[in-house]
Amino acid sequence: MTNSYDFKGVYTALITPMHDDGSIDHESLARLVRHLQSQRVKGFYVGGSTGEGFILDTVERQEVLETVVRAAEGKSTIIAHVGAIGTEASIELARHAERQGVDAMSAVVPFYYKTTVEQIKEHYIAIMAAVPLPMLIYHYPGATGVQLSMDFYEEMAQYPQCIGVKFTSLNLFEMQQIRARCGDRFLIFNGHDEVYAAGALTGADGAIGSTYNMMAPLFVQMYQEAEHGNWSSLSELQGEANEVIANMVSFDVIPYEKYICYAQGIIRSYRARQPLKQLTEVETAAIRTFYEKSAVLKVSAYQV
């Protein structure tokens, strides 16, 4: 049986680098993986929202995962996001992930079609029945419009294969209630980077975040401070992170993160796939000016 505690830590929700023509830049992706390994993240969450997973086709999602697995060389924990609107599509992605030898799978709740909580539970059970990998629920109500119940979490926690939740919500009362209802074996990963310190205080076992693509060392340090109960230091570090995040949200998250990784010398293009925002020259100049003044971002630059 999987020991869920082995999964605790800080994971980067990877971006998917692309060439200027919109095709996937696998070389830059592999370099990003190795760069983040040098910055001591626990592992990678592949093909999720930050990775533009729902804008990629099935083959592209599979190829991205294959690139990450090869680049990681067995040195990092890899969680493959296999979520899709349809259950069979998720199972297809999960079976591919299992063949790649990943450590766990994750799936966002089915969205667009109005499904009941019971149907969502059946969706997860079907994926787990098809593939024996540990499952991490992906809760992101701001994107999916789906709100899960406490009974749902408590019922899912009864399945040993279901090890926890990627909790991308600002509702920390709900996070605390999941901990109270599901116990310590059911892991909670903070998903909104701007409230990591509060999430850790509430009981999060780690974090899966998109801004770790561009400032992983800061969040690795924050995780260590939380593990040692150094809450005042953690609060100060959260303030440093939020200075960057406040600048980021005045643009758009994924294009911004890609541009910073481009400025750091990690990836070769900051192109995001349509319909995501395409940054203008004025916007990239403003982001570059902020980057040049940010010690947090500069320290994470690629070292040749």
Side-chain angles (χ1 to χ4, degrees), residues 11-36 44-72 78-86 89-90 92-93 96-97 100 102 106-108 111-112 138 140 142-144 168 208-216 247-288 290-291 297 300-302:
Y11 295 78
T12 300
L14 286 169
I15 59 171
T16 299
M18 295 175 182
H19 297 288
D20 288 337
D21 65 2
S23 61
I24 296 170
D25 183 353
H26 290 276
E27 184 178 338
S28 286
L29 176 58
R31 183 164 54 248
L32 175 62
V33 167
R34 294 189 292 267
H35 172 68
L36 291 167
F44 304 103
Y45 188 89
V46 185
S49 307
T50 303
E52 300 171 71
F54 297 112
I55 313 178
L56 307 180
D57 63 35
T58 298
V59 172
E60 287 176 319
R61 290 180 70 173
Q62 292 172 341
E63 290 175 344
V64 164
L65 181 61
E66 291 167 11
T67 294
V68 173
V69 170
R70 283 195 302 271
I78 296 178
I79 303 171
H81 176 253
V82 302
I85 296 176
S90 293
E92 179 184 355
L93 289 165
H96 172 265
Q100 304 314 305
V102 304
S106 178
V108 73
F111 56 93
Y112 185 78
Y138 182 9
Y140 191 4
T144 64
T168 307
I208 300 171
S210 68
T211 65
Y212 311 167
N213 285 281
M214 58 182 181
M215 51 179 175
N247 185 255
M248 177 180 70
V249 297
S250 65
F251 297 93
D252 195 13
V253 173
I254 295 172
Y256 184 97
E257 291 174 354
K258 284 190 165 186
Y259 185 81
I260 293 297
C261 287
Y262 166 77
Q264 290 171 329
I266 307 167
I267 66 176
R268 294 182 290 195
S269 171
Y270 51 88
R271 167 72 183 266
R273 186 167 288 185
Q274 288 183 291
L276 296 183
K277 180 179 179 60
Q278 308 300 307
L279 295 172
T280 66
E281 290 185 7
V282 171
E283 289 169 326
T284 57
I287 298 170
R288 170 70 74 165
F290 180 85
Y291 168 72
L297 295 175
S300 297
Y302 183 68

Open item on the list: My understanding is that only residues two or more places apart in sequence, or in another chain, count here; which of them pass side chain to side chain donor-acceptor pair (under 3.5 Å) with S106?
Closed with: Y45
Task: Residue pair E283 / L279: nearest heavy atoms and the distance that separates them - done: OE1-CA, 3.4 Å
Task: Closest contact, heavy atoms only, Q278 versus A272 - done: NE2-O, 2.9 Å
Task: Steps toward side-chain contact (heavy atoms from CB on, under 4.5 Å) verdict (T67, I24) - done: CA-CA 11 Å; T67 294; I24 296 170; over 6 Å; no
- [ ] For residues Q100 and Q62, determine if any side-chain heavy atom of one lies less than 4.5 Å from a side-chain heavy atom of the other.
- [x] no
Open item on the list: How close do S28 and R268 get, counting heavy atoms only, and between which atoms?
Closed with: OG-N, 3.3 Å
Task: By side chain to side chain donor-acceptor pair (under 3.5 Å) - contacts of Y11 (at least two apart) - done: none
TODO: With sequence neighbours excluded, tell me which residues meet ring-ring contact (aromatic ring centres under 6.0 Å, His included) with F111.
DONE: F54
Open item on the list: If you define the side chain from C-beta out and look only at heavy atoms, does anything of V102 sit under 4.5 Å from L65?
Closed with: yes
Task: Minimal non-hydrogen separation, G51 against T16, with atom names - done: O-OG1, 2.7 Å
Open item on the list: Once salt bridge (Lys or Arg N to Asp or Glu O under 4.0 Å) is applied, what residue pairs with a partner in residues 58-71 remain, sequence neighbours excluded?
Closed with: E60-R273
Task: Which residues share a side-chain contact (heavy atoms from CB on, under 4.5 Å) with I254, sequence neighbours left out - done: E52, K258, L276
Open item on the list: Among residues at least two apart in sequence or on other chains, which ones pass salt bridge (Lys or Arg N to Asp or Glu O under 4.0 Å) with R288?
Closed with: E292
Task: Qualifying residue for side chain to side chain contact (heavy atoms under 4.5 Å, CB included) with T50, from L14, N213, T12, T211 - done: N213
Task: Qualifying residues under side chain to side chain donor-acceptor pair (under 3.5 Å), relative to N247, sequence neighbours excluded - done: Y256
Open item on the list: Restricting to side-chain contact (heavy atoms from CB on, under 4.5 Å), what partner residues turn up for D20, sequence neighbours left out?
Closed with: S269
Open item on the list: Can you list everything that forms a ring-ring contact (aromatic ring centres under 6.0 Å, His included) with H35? Sequence neighbours excluded, please.
Closed with: Y302
Open item on the list: Parallel, tilted or perpendicular: which one describes the rings of Y259 and Y262, with boundaries at 30° and 60°?
Closed with: tilted
- [ ] Look up atom OH in Y138 and atom CD1 in I79, then write down how far apart they are to the nearest 0.5 Å.
- [x] 12.0 Å
Open item on the list: List the residues meeting side chain to side chain donor-acceptor pair (under 3.5 Å) with D21, not counting sequence neighbours, and say none if there are none.
Closed with: S23
Task: Main-chain N/O of V82 paired with S90 side-chain donor or acceptor, under 3.5 Å - done: yes
Task: Under the side-chain contact (heavy atoms from CB on, under 4.5 Å) test, residues paired with V253 that sit two or more places apart - done: S210, M248, E257
Task: side-chain contact (heavy atoms from CB on, under 4.5 Å) partners of Q264, counting only residues at least two apart - done: M214, I260, C261, I266, Y291, L297, S300, A301
